[in-house]
Amino acid sequence: MKTQPVTIETQKAIRITGADALMRSLISEGIDTIFGYPGGAIMPIYDALMDHSDKLRHILTRHEQGAIHAAQGYARVSGKVGVVMATSGPGATNLITGIADAMIDSTPLVCITGQVASPLLGSDAFQETDVIGISMPVTKWNYLITKPAEIPEIIAQAFYIARSGRPGPVLIDIAKNAQFGELDFEYKKCIKIRSYVPCPKPDQKKIREAADLINQAKKPYILFGQGVILGGAEEEFRAFVEKAGIPAAWTILGACALPKKHPLNVGMLGMHGNYSTNIKTNECDLLIAVGMRFDDRVTGDLKRYAKQAKVIHLEIDRAEINKNVRADVAVVGDVKETLPLLTGMVEKRSHASWLQEFRDADKIENEKVVVKDLFPTKEGLTMGEVIRILNEKTNGNAIVVTDVGQHQMITSRYFNFTNKRSFVTSGGLGTMGFGLPAAHGAKIGAPEKEVILIVGDGGLQMTIQELGTINQTQAAVKIVLLNNKYLGMVRQWQQLFFDRRYSETYLLNPDFIKVAEGFGIKGKKVLHRPELDASIQEMLDFNGPYFLEVNIEKEDNVFPMVTTGASVSEVILEPKQ
């Protein structure tokens with residue numbers, strides 16, 4: 001059926017196919033970019049896409065996992081809902097890792113999968129998989145559409161659910177007969193769903209109680225996470241921190257909520273976080289958690305976590321309150337709304353002597369760890385010095401994307417994040433293979449920004465085929481491979497806790513420069529320190545995608561370190577001799 005021209009203002013009484021209705025629904029939601037991979041069960045939708053190519057750009061990835069990670073990167077830097085499409089069966093199941101990653105990291109996505117025709121459901125038809133059942137534990141909501149008339153309303157609900165409250169992924173499975181069938185199309189954006197309350201109304205009494213605790217505290221300590229970024233509350237958070245005068249530390253996903261060089265920013269929390277931020281958790285008298293969920297990598301042993309402190313928790317998701325750490329005062333609501341209310345009630349104070357305790361601890365870490373990472377005297381190159389040079393050349397203004405592993409921790413620790421939404425990484429799920437497609441999506445979402453991927457040789461090879469997608473779009477992603485020929489983080493644990501028994505962590509790698517050039521991407525390898533600075537500059541100056549491989553010393557480890565099951569006070573600063 002020939003489609004009619006789309007005019008969002010006059011959509012009533014248009015008789016169209018379900019596939020065309022989907023395209024018009026996406027346009028009505030302000031979507032202009034889709035990541036995906038076609039197949040049999042979603043072919044009618046891809047056919048309809050051709051009639052809307054002036055409004056909808058489709059990025060053809062080389063694997064469905066590449067598509068969803070790219071959509072995540074796009075969503076994280078743009079603040080928009082990422083959209084991904086895949087066919088039924090293996091196409092849909094290949095999205096699951098990315099959906100799980102998006103769920104735990106609160107990334108708003110709408111995933112659209114094709115499904116076999118509804119008369120074939122449950123018959124084990126070719127490429128039929130119960131993607132609704134499979135994805136239920138890792139989606140905020142999912143739905144199977146079997147009739148074309150359902151499409152506009154369900155898509156409207158999908159976008160509302162994905163972007164509202166605590167964001168997350170939604171999956172809509174569309175049977176093939178619903179794509180072919182016809183309906184009278186009319187689109188209305190969803191603004192409310194019965195029984196779904198995405199943003200609880202703030203309790204003024206709780207805010208008053210929180211303010212009283214803050215005003216009385218002698219050693220208050222703020223822990224902030226991605227909730228500040230997702231709520232678009234960076235300015236409100238900064239105003240709160242500065243008025244209260246309280247040291248503030250961040251989770252890995254909260255890195256951009258407060259500029260790294262802000263005088264009250266005391267560093268990163270967690271297993272490979274800063275020495276001061278970890279040990280002071282068990283010395284403060286008040287812990288103020290803002291938009292973070294007390295992940296085990298942050299808390300260490302819960303039985304020995306901040307037992308001396310009162311706890312205030314500002315959080316939009318009620319399910320996170322008292323889940324891991326019991327709150328003395330819980331302020332439930334959107335931090336963009338609750339933070340200004342709290343700021344208005346707290347006294348303007350300075351905690352200079354308490355802040356100095358953090359800075360004194362930083363001196364210990366600087367001597368034992370930081371100087372060795374950033375300014376090594378040994379012959380081999382370190383991950384830290386690569387990040388230091390990138391800092392110097394970008395002034396912290398780039399969007400940085402990482403994969404998962406040692407390089408991720410080093411980048412988190414040392415890159416001077418200055419701008420909002422400038423760090424993209426896999427947090428809660430720790431998905432290797434995330435980095436390359438996510439960096440591509442980030443560049444599509446913020447084409448005016450410099451996007452730099454820091455990746456290890458293990459994670460890169462999990463989605464290395466997405467170099468082909470980057471070549472096809474010519475997105476100017478700058479790829480920095482820190483190659484130590486090992487699964488570095490696992491190897492570090494084997495070195496420290498398994499007597500250097502490096503079981504199955506050595507990688508016999510390909511010639512990465514030839515691989516990159518085979519995908520049409522300019523590449524260069526750095527083996528020695530004297531060539532590093534100029535090579536990084538060459539990469540940054542290049543007009544287009546660029547692949548820079550830096551060979552890193554094998555036993556270049558990440559410290560400080562809080563081992564699994566240890567208290568946050570039990571920080572290891574250097575390996576035992």
Side-chain angles (χ1 to χ4, degrees), residues 65 69 97-98 100-101 104-105 251-253 268-273 278 295-301 369 372-373 376 378 380-387 401-414 424-439 453-464 479-510 512 549-566 568 570-577:
Q65 186 176 350
H69 290 329
T97 295
D101 191 283
I104 200 166
D105 282 355
T251 69
I252 191 171
L253 294 184
M268 185 172 85
L269 297 161
M271 179 174 280
H272 291 290
N278 279 311
D295 174 78
D296 64 290
R297 287 297 174 103
V298 166
T299 65
D301 182 5
V369 180
K372 296 175 184 177
D373 282 347
K378 54 190 174 184
L381 291 167
T382 67
M383 296 175 283
E385 64 183 311
V386 176
I387 304 305
V401 183
T402 79
D403 205 85
V404 170
Q406 288 179 312
H407 69 275
Q408 176 191 32
M409 296 297 108
I410 288 288
T411 303
S412 304
R413 285 174 50 78
Y414 293 127
V424 179
T425 195
S426 173
L429 198 62
T431 305
M432 290 179 68
F434 172 88
L436 183 61
L453 168 66
I454 312 296
V455 65
D457 44 319
L460 175 67
Q461 291 179 87
M462 289 193 171
T463 49
I464 197 169
I479 302 160
V480 180
L481 167 62
L482 301 181
N483 185 1
N484 59 12
K485 300 181 177 63
Y486 273 85
L487 299 176
M489 188 61 83
V490 182
R491 187 215 50 76
Q492 177 171 335
W493 279 72
Q494 290 173 334
Q495 176 189 340
L496 298 178
F497 307 110
F498 292 87
D499 298 322
R500 282 192 165 91
R501 290 160 59 86
Y502 296 147
S503 176
E504 300 303 322
T505 46
Y506 169 72
L507 293 169
L508 180 60
N509 289 325
F512 287 111
E549 178 184 355
V550 183
N551 277 18
I552 299 299
E553 190 175 89
K554 181 184 76 173
E555 292 190 351
D556 181 21
N557 291 327
V558 187
F559 289 99
M561 185 177 186
V562 180
T563 60
T564 303
V568 289
E570 299 169 336
V571 183
I572 301 172
L573 285 169
E574 53 192 358
K576 295 178 181 179
Q577 298 301 319

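Quick caveat: nothing in here was measured; it's all calculated off a predicted structure. Side-chain atoms are counted along with the backbone in the values below, which use heavy atoms only and exclude waters and symmetry mates.
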Asks: Any non-hydrogen side-chain atom of L381 less than 4.5 Å from a side-chain atom of V386?
Replies: no
Asks: Go through the steps to decide whether Q461 and N509 satisfy the test side-chain contact (heavy atoms from CB on, under 4.5 Å), and finish with yes or no.
Replies: CA-CA 9 Å; Q461 291 179 87; N509 289 325; 2.7 Å; yes
Asks: Short question: side chain of S426, backbone of T431 - any donor-acceptor pair under 3.5 Å?
Replies: yes
Asks: For L429 and I104, which heavy atoms make the closest approach, and how far apart are they?
Replies: N-CG2, 3.5 Å
Asks: Report the residues that fulfil salt bridge (charged side-chain N to carboxylate O under 4.0 Å, His left out) with R491, sequence neighbours left out, ordered by chain and then residue number.
Replies: none
Asks: Taking the side chain from T382 and the backbone from E385, do they hold a donor-acceptor pair closer than 3.5 Å?
Replies: yes
Asks: To the nearest 0.5 Å, what is the distance between CG (N551) and CZ (F512)?
Replies: 9.5 Å
Asks: Taking only residues two or more places apart in sequence, or in another chain, which ones meet A438 in a side-chain contact (heavy atoms from CB on, under 4.5 Å)?
Replies: V401, V424, F434
Asks: Testing the basics here: between L453 and A439, what is the closest heavy-atom pair and its distance to 0.1 Å?
Replies: CB-CB, 3.8 Å
Asks: Going by heavy atoms in the side chains, are M462 and Q65 under 4.5 Å from each other?
Replies: no
Asks: Do T564 and F497 come within less than 4.5 Å of each other through their side chains, counting heavy atoms only?
Replies: no
Asks: Sort out for me which residue in E574, Q495, H272 forms a side-chain hydrogen bond (donor to acceptor under 3.5 Å, both in side chains) with N557.
Replies: Q495
Asks: If we only count heavy atoms from C-beta on, is the L482 to Q406 side-chain gap below 4.5 Å?
Replies: no
Asks: Can you give me the closest heavy-atom contact between M268 and S412, atom names plus distance?
Replies: SD-CB, 3.5 Å
Asks: Keeping to residues at least two apart or across chains, list the salt bridge (Lys or Arg N to Asp or Glu O under 4.0 Å) pairs with something in residues 550-560.
Replies: K378-E553, R500-E555
Asks: For the residue pair I410 and I387, establish whether any side-chain heavy-atom pair is separated by less than 4.5 Å.
Replies: yes
Asks: Please check this pair: side chain of D403 against backbone of V455, looking for a donor-acceptor N/O pair closer than 3.5 Å.
Replies: no
Asks: For L481 and D457, work out which heavy atoms get closest and say how close.
Replies: CD1-N, 3.4 Å
Asks: For residues L507 and L487, determine if any side-chain heavy atom of one lies less than 4.5 Å from a side-chain heavy atom of the other.
Replies: yes
Asks: Can a donor-acceptor pair be found, under 3.5 Å and without considering hydrogens, that links the side chain of N484 to the backbone of Y486?
Replies: yes
Asks: With side chains defined as the heavy atoms from C-beta onward, is the minimum distance between R413 and P560 less than 4.5 Å?
Replies: yes
Asks: Can you name the residues that form a salt bridge (charged side-chain N to carboxylate O under 4.0 Å, His left out) with D373, not counting sequence neighbours?
Replies: none
Asks: State the CE-CE distance between M409 and M271, to the nearest 0.5 angstrom.
Replies: 9.5 Å
Asks: Can you tell me how far the OH atom of Y502 sits from the CD atom of Q492, to the nearest 0.5 Å?
Replies: 9.5 Å
Asks: Between P437 and T463, which heavy-atom pair has the shortest distance, and what is it?
Replies: CD-OG1, 3.4 Å
Asks: For D296, enumerate each residue passing the salt bridge (charged side-chain N to carboxylate O under 4.0 Å, His left out) test, keeping only those at least two apart in sequence or located in another chain.
Replies: none
Asks: Within the structure provided, determine whether Q408 and I252 are in side-chain contact (heavy-atom separation under 4.5 Å).
Replies: yes
Asks: The criterion is side-chain contact (heavy atoms from CB on, under 4.5 Å); which residues satisfy it with N278, sequence neighbours excluded?
Replies: V562, V568, V571
Asks: If you take all heavy atoms of P575 and L496, which pair is closest and at what distance?
Replies: CB-CD2, 3.8 Å
Asks: Are any side-chain N or O atoms of E549 and backbone N or O atoms of N483, one a donor and one an acceptor, separated by less than 3.5 Å?
Replies: no
